[in-house]
Student: 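Quick one: the structure is below, and I'll ask about it shortly.
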Amino acid sequence: MIKSLILLSRSIIGKLGYDVCLGASRYIAHDKPARSSAIQSPNLPHIPSHHRSLPKDTLGQKMGSVPSNDIIEFKNVLSSSKKIVAIAGAGLSAASGLPTWRSANGIVWRKYDSLALANKAAFLDSPSRVWQYYHRIREAARGAEPNEAHRALALFSVSEHRERVATGSTFTLITQNVDELSERALDDVLNHRDKSSLDTRPDIIEMHGRVFDVACTAYNCGYREKCYDSPICPALEGTEKIVDAGVPEPDIPKQNLPRCRKCGELGRPGVVWFGEVPERIKEILDLVDQADLCLVVGTSSLVHPAAKLASRVKEHGGKVAVFNLERSKRDEEADFLFLGSCEKTLPHALGMDEI
């Protein structure tokens, strides 16, 4: 039954330009979708920047070219850009103490890595195991604080600050992270300014959902809510410590796991799992197709569909600047590459380090 449902979902979503398979979500570049076409985002989960497959195309044709690290040259490009987007990954939150998914310290829960747990089949097989995994992520995110890279992007989101370095520009942050640290950084920035001078709150697109959301699994309900309770339910309390101590994994009954507060059915983490369509994907593609500058921050650009976004900017003549701690397989295809901790390189590059 499960296999039949997966095959049916794959067939339907494939018509929208996606190849959806269990354990992975790979964006396929049919041509740029018509702007009138509607792609519905299922408002489900994120997760890490996991390597599933490399994009078939590249950011550019000069495979052996070396990107510039000239900060003055980058700032000149920044100052003339009008439609700017940033694609952020797990490396953005590294300085906040949250592990990146592709690092040596990336999350491996017990004997499972995130690929084995961040999908619907794993949840159907063992909701207890998957909820324990996400409970640990929730607790880690709860104890983390936004770092200077989060703050730089938050400041850059506010037009009065951005006008100083990129006059007449717009900016949208598209993050793959589910930790809500970007939203918290924006809250901090907005709390220290005159609210009356702000027309609307700057938009942050959390394409992989939010780990503090809980979504109902009942087909005819669809209720979703934020829940910052710690623990989210009594049965999960302390399970993150049990894991660290190497104690055998407890099998928590379904009735003791998080439930939908509207209908009482089993709840699931509100993140976009592998095999699911990212949130607001049509809006993301429209923004990327209009962008003349794309900032790639703390991501290896290997996970689809996010891996495709910078390539789309290059396809219509836009510039791409990468900010990463270390080299990745596609760096040479960017226009600019700034290596080092994002919390050190990004504030200076965006001119936000003096605010």
Side-chain angles (χ1 to χ4, degrees), residues 43-49 84-101 107 134-162 171-195 197-215 224-232 240 258 269-272 278-280 284 295-299 306 323 325 341-350 352-355:
N43 280 337
L44 296 175
H46 142 261
I47 290 207
S49 298
I84 308 167
V85 296
I87 315 299
L92 175 62
S93 297
S96 297
L98 301 182
T100 60
W101 303 97
I107 292 180
Y134 281 100
H135 168 70
R136 191 181 189 198
I137 295 176
R138 283 170 57 95
E139 294 305 300
R142 182 188 311 282
E145 293 293 334
N147 60 58
E148 288 303 307
H150 291 111
R151 182 174 183 273
L153 289 169
L155 287 168
F156 195 73
S157 298
V158 179
S159 59
E160 69 181 64
H161 299 312
R162 191 173 61 254
F171 172 70
T172 303
L173 170 59
I174 303 167
T175 180
Q176 301 173 73
N177 298 333
V178 296
D179 52 36
E180 296 191 15
L181 291 181
S182 291
E183 284 285 359
R184 287 169 56 188
L186 183 58
D187 287 339
D188 291 343
V189 167
L190 297 181
N191 286 337
H192 291 85
R193 69 188 302 278
D194 181 7
K195 302 290 193 307
S197 64
L198 185 69
D199 294 331
T200 58
R201 179 185 174 89
D203 190 20
I204 296 175
I205 299 179
E206 296 165 301
M207 66 183 296
H208 288 158
R210 293 148 297 280
V211 76
F212 293 106
D213 282 6
V214 179
R224 170 185 290 263
E225 67 173 349
K226 284 191 177 297
C227 180
Y228 295 100
D229 293 350
S230 176
I232 190 172
E240 74 282 6
V271 297
V272 175
E279 296 187 11
R280 300 172 65 179
I284 290 171
L295 311 176
V296 178
V297 182
T299 176
F323 297 82
L325 182 62
S341 301
C342 295
E343 73 277 10
K344 296 179 180 178
T345 59
L346 195 61
H348 179 58
L350 296 180
M352 299 293 110
D353 52 342
E354 298 179 358
I355 298 177

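For the single chain, residues carry numbers from 1 onward in sequence order.
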Student: List for me each residue that meets salt bridge (charged side-chain N to carboxylate O under 4.0 Å, His left out) alongside D229, sequence neighbours excluded, and say none if there are none.
Tutor: R261
Student: Can you list everything that forms a side-chain contact (heavy atoms from CB on, under 4.5 Å) with A86? Sequence neighbours excluded, please.
Tutor: L153, F171, L173, L295
Student: What residues form a side-chain contact (heavy atoms from CB on, under 4.5 Å) with E343, not counting sequence neighbours?
Tutor: A95, N147, E148, A149, S341
Student: Please report the shortest heavy-atom distance between L346 and A152, naming the atom on each side.
Tutor: C-CB, 4.5 Å
Student: In chain order, what residues pass the salt bridge (charged side-chain N to carboxylate O under 4.0 Å, His left out) check against D187, with sequence neighbours excluded?
Tutor: R201
Student: Please find the pair of heavy atoms, one from L155 and one from H161, that lie closest to each other, and give the distance.
Tutor: O-CB, 3.3 Å
Student: Sequence neighbours left out, what passes side-chain hydrogen bond (donor to acceptor under 3.5 Å, both in side chains) with S182? Give chain and number order.
Tutor: none
Student: If we check salt bridge (Lys or Arg N to Asp or Glu O under 4.0 Å) with E180, which of these qualifies: K226, R138, R210?
Tutor: K226
Student: For the backbone of S157 and the side chain of R162, can you confirm whether one donor and one acceptor N or O come within less than 3.5 Å of each other?
Tutor: yes
Student: For A140, enumerate each residue passing the side-chain contact (heavy atoms from CB on, under 4.5 Å) test, keeping only those at least two apart in sequence or located in another chain.
Tutor: L98
Student: State, with a plain yes or no, whether a side-chain heavy atom of H150 is found less than 4.5 Å away from one of L92.
Tutor: yes
Student: Does a side-chain heavy-atom distance below 4.5 Å link D203 with R280?
Tutor: yes
Student: Apply side-chain contact (heavy atoms from CB on, under 4.5 Å) to D188 and list each qualifying residue two or more places apart in sequence or on a separate chain.
Tutor: P146
Student: Name all residues meeting the salt bridge (charged side-chain N to carboxylate O under 4.0 Å, His left out) criterion together with K344; count only those two or more places apart in sequence or in a different chain, and write none if there are none.
Tutor: none
Student: Just wondering, do P231 and H135 contact through their side chains at under 4.5 Å, heavy atoms?
Tutor: yes
Student: What residues, two or more places apart in sequence or in another chain, satisfy side-chain hydrogen bond (donor to acceptor under 3.5 Å, both in side chains) together with R184?
Tutor: E145
Student: Is the closest basic N to carboxylate O distance between E139 and R136 below 4.0 Å?
Tutor: no
Student: Give the minimum heavy-atom separation between F156 and M352, together with the two atoms involved.
Tutor: N-SD, 3.8 Å
